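For reference, the structure discussed in these notes is given below.
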Amino acid sequence: MINSLQSIFDFSSRKDFNRKLRKVLGFYPSKSKLYRSALMHKSAYNRNSSKLLVHNERLEYLGDAILGSVIAELLFKQYPDEDEGFLTKLRSKIVNRKNLNKLAVLIGLEDLVIYRNYSNNSEQILGNALEALIGAVYLDKGYKKCRKFIMRQLIAMHLDLEELIHEDRDFKSRIIEWGQKNRKEINFESYEKYADLNKVPFFGSSVKISDEVIGEGEGRSKKEAEQHAAEQALKFVSM
């Protein structure tokens with residue numbers, strides 16, 4: 001958990017702050033003041049500190065742009081056969097607020113962020129701080145070093161692209177989530193249709209809202225049939 005209030009003078013010395021930050025970055029920062037600004041949320045900013053630091057919103061803006069650029073390049077090169085829609089969806093999944101909050105916790109930012117707990121959106125502060133940190137790395141070390149930080153400390157160590165792709169293609173979970181959000185009861189009805197000459201069963205499935213069928217699918221397994229039916233149902237509700 002993040003402390004409800006942390007002081008910019010919590011660290012006994014610049015050396016101690018840099019040591020803590022090095023664990024997050026993988027290198028020693030050159031501009032300590034810049035990183036302190038990146039880790040200061042506007043809720044903790046006050047006039048008394050204005051001559052020393054500024055809050056992190058401008059750095060967040062910069063870091064957001066750089067992160068999006070690095071991820072776009074990564075996906076473009078790693079998935080040469082996928083279309084624009086696939087790449088856009090996967091990039092959005094990587095840089096969305098929920099995932100950035102998770103990454104911020106995994107790299108240890110919760111012990112460094114400076115903020116006053118004044119709302120129920122405290123967790124979002126971490127994701128914002130991560131973007132600001134990326135902006136600070138860029139200004140401190142340049143694009144090449146910043147890209148290396150994103151690729152090594154975030155992507156390689158804490159992100160499973162194939163898992164994100166699987167989540168994106170889990171149509172059954174997505175239609176259930178849609179139903180919960182829109183207060184609609186989603187029901188799946190699955191059944192064995194027939195077996196082929198090798199006695200391998202074939203399944204069918206339908207998705208219903210009340211008694212209305214909104215999607216149907218088939219597959220070699222019940223799970224596959226449900227996924228196909230859910231995919232069709234998602235198309236129906238998005239029309």
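All values below were derived from every heavy atom in this structure, side-chain atoms included, with hydrogens, water molecules and symmetry-related copies excluded. Note that this is a predicted model, so its numbers are computed, not measured.
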| task | Measure the spacing between CG of L159 and CE of M151 and express it to the nearest 0.5 Å. | result | 10.0 Å
| said: Grouping I, L, V, M, F, W and Y whenever their side-chain heavy atoms are under 4.5 Å apart, do Y61 and L139 come out in a common cluster? | reply: no
| Is there a side-chain contact (heavy atoms from CB on, under 4.5 Å) between I209 and I186 once you walk through the steps? | CA-CA 5 Å; I209 297 178; I186 302 294; 3.7 Å; yes
| task | Please test F188 against I175 for side-chain contact (heavy atoms from CB on, under 4.5 Å), starting from the C-alpha separation and ending with a verdict. | result | CA-CA 11 Å; F188 283 80; I175 192 64; 3.8 Å; yes
| Hey, mind stepping through L100 and L67 against side-chain contact (heavy atoms from CB on, under 4.5 Å) and telling me if it holds? | CA-CA 11 Å; L100 292 184; L67 177 62; 3.7 Å; yes
| query | Hey, does E212 have a side-chain heavy atom less than 4.5 Å from the side chain of S210? | reply | no
| query | Just wondering, do E224 and F203 contact through their side chains at under 4.5 Å, heavy atoms? | reply | no
| Taking side chain as C-beta onward, heavy atoms only, is Q153 less than 4.5 Å from V24? | no
| task | Would you name the heavy atoms of R152 and A156 that are closest together and state the gap between them? | result | O-CB, 3.7 Å
| field | Side chain to side chain, L75 and F86, heavy atoms closer than 4.5 Å | value | no
| query | Do NZ/NE/NH1/NH2 and the carboxylate oxygens of E163 and K93 come within less than 4.0 Å? | reply | no
| Over all atoms of both residues, closest heavy-atom pair of N56 and A129 | ND2-CA, 4.0 Å
| task | Specify the closest pair of heavy atoms between S206 and E216, including all atoms of both residues, with the distance to one decimal. | result | CB-CG, 4.1 Å
| note | Correct closest heavy-atom pair for Y35 and P29 would be CE1-CB, 3.3 Å
| query | Going by heavy atoms in the side chains, are L154 and L130 under 4.5 Å from each other? | reply | yes
| Side-chain touch L112/L133, heavy atoms, less than 4.5 angstrom | no
| query | About how many Å separate CD1 of I94 and CG of L161, when rounded to the nearest 0.5 Å? | reply | 5.0 Å
| field | F149 six-ring centre to K141 NZ/CZ under 6.0 Å and within 45° of normal | value | no
| field | Nearest-0.5 Å distance, CD1 of residue I134 to CG of residue L25 | value | 10.5 Å
| Just checking, is any N or O donor in the side chain of S205 or K222 under 3.5 Å from an acceptor N or O on the other one? | no
| task | Answer yes or no: does atom CZ of R58 have more than 12 heavy-atom neighbours from other residues, nucleotides or ligands under 6.0 Å? | result | no
| query | Would V213 and W178 show up in the same hydrophobic cluster when neighbours are defined by side-chain heavy atoms closer than 4.5 Å? | reply | no
| Do R220 and F202 touch side chain to side chain, with heavy atoms closer than 4.5 Å? | yes
| task | Compare every heavy atom of A136 with every heavy atom of L59, then report the nearest pair and how far apart it is. | result | CD2-N, 4.0 Å
| query | Is there side-chain contact between I107 and H158, with heavy atoms separated by less than 4.5 Å? | reply | yes
| message | Can you tell whether the side chains of E73 and K77 come within less than 4.0 Å, N to carboxylate O? | response | yes
| field | Intermediate values then yes/no, salt bridge (Lys or Arg N to Asp or Glu O under 4.0 Å), R91 and E84 | value | CA-CA 10 Å; R91 180 181 62 182; E84 178 189 4; over 6 Å; no
| query | Passes side-chain contact (heavy atoms from CB on, under 4.5 Å), I150 versus R147? Steps please. | reply | CA-CA 5 Å; I150 293 170; R147 182 183 181 279; 5.8 Å; no
| Would you say D64's side chain and E131's backbone share a donor-acceptor pair under 3.5 angstrom? | no
| remark: Between the CG atom in N96 and the CG atom in L164, the distance rounded to the nearest 0.5 Å is 8.5 Å
| Can you tell me how far the OG1 atom of T88 sits from the CG atom of D83, to the nearest 0.5 Å? | 8.5 Å
| Pairwise distance NZ(K89) to CD1(I165) - rounded to 0.5 angstrom | 12.5 Å
| request: Check for a donor-acceptor pair, side chain of N18 on one end and backbone N or O of Y28 on the other, with a separation under 3.5 Å. | output: no
| task | Flag yes if V95 and Y143 sit in one hydrophobic cluster, no otherwise; membership is Ile, Leu, Val, Met, Phe, Trp, Tyr, and two members link when side-chain heavy atoms are under 4.5 Å apart. | result | yes
| Considering all heavy atoms of both residues, which atom of E60 and which atom of N128 are nearest to each other, and what is their separation? | OE2-OD1, 3.3 Å
| query | For Y138, does the OH atom sit with more than 12 other heavy atoms under 6.0 Å from it, leaving out its own atoms? | reply | no
| message | Please check: side-chain N/O of S69 versus main-chain N/O of A65, any donor-acceptor pairing under 3.5 Å? | response | no
| request: Answer yes or no: are there more than 12 heavy-atom neighbours, outside Y79 itself, under 6.0 Å from its atom OH? | output: yes
| message | Counting only heavy atoms not in F76 (residues, nucleotides, ligands), do more than 12 fall under 6.0 Å from its CZ? | response | no
